[in-house]
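Excluded from the calculations below are hydrogen atoms, water molecules and symmetry mates; all remaining heavy atoms, backbone and side chain alike, are included. From a predicted model like this one, the values you see are computed outputs, not experimental measurements.
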Amino acid sequence: MKREIIQSLIEWKNRPDRCPLIVRGARQVGKTFTIEEFAKSHFVNLAKINLEEKPEFKKLFFDNDVQRIVLEISVLLNTPIRPGETLLFIDEIQTSPEAILSLRYFRENMPELHVISAGSLLDHTLSEMATPMPVGRVEFLYMFPMNFKEFLMATGHESLSKYIGDYNPKHPCSEAIHNQILKLLRYYFFIGGMPSAVKVFAAGNDFSDIQRIHSNILHSLQYDFAKYGTRKEQEYLQVVMNYCSRYPGRKIKYSNIEKDIRSPYLKVAINKLELSRIIHKITHTNSPKVPLTDFIKVDLYKTAFMDIGFVNHMSQIDLFDLDNLLTANEGMLAEQFVAQELLASRPAFMTPSLFYWSREEKSSNAEIDFIVQHKNRIYPVEVKSGTTGSMKSMHVYLAEKKLNFGIRFNLDLPGYGDFTSNISVKDSSKAIHWTLLSLPLYLTSELNRILDIYEK
């Protein structure tokens with residue numbers, strides 16, 4: 001299975017000023033498999049230790065003598081470790097804070113050796129470490145479930161994936177290709193991007209096998225809850241996970257999650273699920289320009305779940321007759337999809353973040369699903385689950401922020417045009433002149449590239 005993060009790994013390998021690398025991501029998104037495949041293609045050999053499967057290796061990190069550590073790993077694995085030829089891979093490194101701290105000394109004392117580490121619950125360990133990782137001594141890459149283009153490649157539709165990656169908005173879009181991609185997009189909505197589920201689908205196995213895989217992964221995530229705290233705290237995590245999986249894109253109100261659980265407990269549970277990358281916060285921003293982190297309201301946020309396939313599984317949607325399956329939460333699925341694609345399309349070295357905007361006033365509510373930044377400009381993004389839909393919130397946002405360019409994702413063919421819209425301001429009407437870039441959902445991953453074309 002080809003993963004786009006491989007290119008980031010190649011760039012890391014070839015940089016002379018590289019630091020030891022930590023790959024962060026949720027459980028079973030493909031971190032270990034991808035790093036191993038990268039090693040096969042770009043190194044003479046791989047020296048891998050898994051600190052969870054073989055905890056005895058943790059004893060090697062009692063000090064920061066990396067020369068000794070490498071020598072002992074080489075002896076125990078019966079594998080030569082040669083700088084420039086060997087990739088040293090420390091998997092499940094979150095189980096040993098000492099191993100994490102040793103990474104800085106690989107940078108200082110063995111900079112010529114390529115070192116990668118990974119871990120599913122790594123963010124918990126990093127947040128609790130007494131000694132923070134020193135800036136400039138380690139690097140991070142963030143990994144997510146397979147995006148839609150990767151799904152297409154894994155399922156034998158490389159030409160469609162390439163079509164999306166090469167799409168030029170200045171050229172007409174083929175309606176036949178558009179419809180074929182929408183059909184496969186429908187499958188992705190329910191299968192999702194977890195590599196093990198995609199692999200089963202690509203092999204032509206029964207959909208019941210995919211449901212079994214979804215169930216097994218979710219149970220493994222819940223099993224991890226035992227590492228987070230007391231039995232009561234684990235119950236809160238389960239409650240929050242169930243809610244966020246059923247209502248992606250809905251503003252979080254603690255009373256809606258469970259009115260009998262105090263909000264501080266629910267807030268802690270949400271933060272722990274975010275550290276596990278099971279959910280991703282979409283934070284409210286009122287900033288009229290970059291940076292989007294200005295004027296954010298940290299306690300006002302929505303969430304996206306880790307994978308769209310789980311959203312349907314947790315809602316007990318049976319994977320049957322997907323070509324004709326319609327659900328009651330089509331709008332939420334579309335928003336969940338766009339959230340996943342936006343996260344996965346960011347440079348892998350950037351800390352993932354998502355933003356939205358809303359205004360709650362009597363008889364004048366408005367909400368923009370996402371606010372994105374591109375080359376120091378901000379753009380409002382609306383998501384529709386069909387081919388039509390009101391743009392009232394877009395008009396309000398553009399008028400309030402004095403902007404003139406909006407983006408819409410839906411199921412229609414691409415479109416681009418200038419419009420004049422009237423909005424109500426107090427007791428009067430105001431005309432705004434603006435441009436709408438309308439794109440099918442499957443082009444979410446190409447947004448920055450497409451904006452580059454229009455901004456030239």
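Proximity of a side-chain donor or acceptor of Glu150 to a complementary backbone N or O of Glu4 within less than 3.5 Å is detected.
Salt bridge Lys48/Glu36: present, at least one basic N to carboxylate O contact under 4.0 Å. Asp452 and Lys375 are joined by a salt bridge, as a carboxylate oxygen and a charged side-chain nitrogen come within less than 4.0 angstrom of each other. Ion pairing between Glu446 and Lys149 holds under the 4.0 Å rule for side-chain N and carboxylate O.
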side-chain hydrogen bond (donor to acceptor under 3.5 Å, both in side chains) between Asn147 and Gln340, worked out: CA-CA 7 Å; Asn147 64 26; Gln340 280 186 233; over 6 Å; no
Does the pair Ser315 and Arg246 meet the rule for a side-chain hydrogen bond (donor to acceptor under 3.5 Å, both in side chains), with working shown? CA-CA 6 Å; Ser315 297; Arg246 293 198 308 272; over 6 Å; no
Run the numbers on Asp209 and Arg212 for salt bridge (charged side-chain N to carboxylate O under 4.0 Å, His left out), then give the verdict. CA-CA 5 Å; Asp209 290 331; Arg212 174 181 51 79; 3.7 Å; yes
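Side-chain contact check for Cys173 versus Tyr167: some heavy-atom pair is nearer than 4.5 Å. Side-chain atoms of Val29 and Asp307, non-hydrogen and from C-beta on, never get closer than 4.5 Å to each other.
Residues meeting the ring-ring contact (aromatic ring centres under 6.0 Å, His included) test with Phe89, sequence neighbours left out: none. For Tyr356, the side-chain contact (heavy atoms from CB on, under 4.5 Å) criterion is met by Lys251, Ile282, His284, Leu300, Lys302, Ser358, Glu367, not counting sequence neighbours. With sequence neighbours left out, Lys384 forms a salt bridge (Lys or Arg N to Asp or Glu O under 4.0 Å) with no residue at all.
Of the N and O atoms on the side chains of Ser421 and Trp434, at least one donor lies less than 3.5 Å from an acceptor on the other residue. Side-chain N/O atoms of Asn365 and Lys392 include no donor and acceptor closer than 3.5 Å.
Scanning both residues, Gly386 and Asn410, for their nearest heavy atoms gives O-CB, 3.1 Å.
Atom CD of Glu175 sits in a sparse spot, with 12 or fewer heavy atoms from other residues, nucleotides or ligands closer than 6.0 Å. Heavy-atom neighbours of Glu53 CD from other residues, nucleotides or ligands within 6.0 Å: at or below the threshold of 12. A 6.0 Å sphere centred on NZ of Lys401 holds more than 12 heavy atoms belonging to other residues, nucleotides or ligands.
Aromatic ring pairs are classed by plane angle as parallel below 30°, tilted from 30° to 60° and perpendicular above 60°; the pair Phe148 and Phe337 is perpendicular. The aromatic rings of Phe201 and Phe207 sit parallel, their planes meeting at an angle under 30°, below the 60° perpendicular limit. Ring-plane geometry between Tyr416 and Tyr454 is classed as parallel, the angle between the planes falling under 30 degrees on a 0 to 90 degree scale with a further cut at 60.
Arg24 forms a cation-pi arrangement with Phe140, by the criterion of a distance under 6.0 Å to the ring centre and an angle within 45° of the ring axis.
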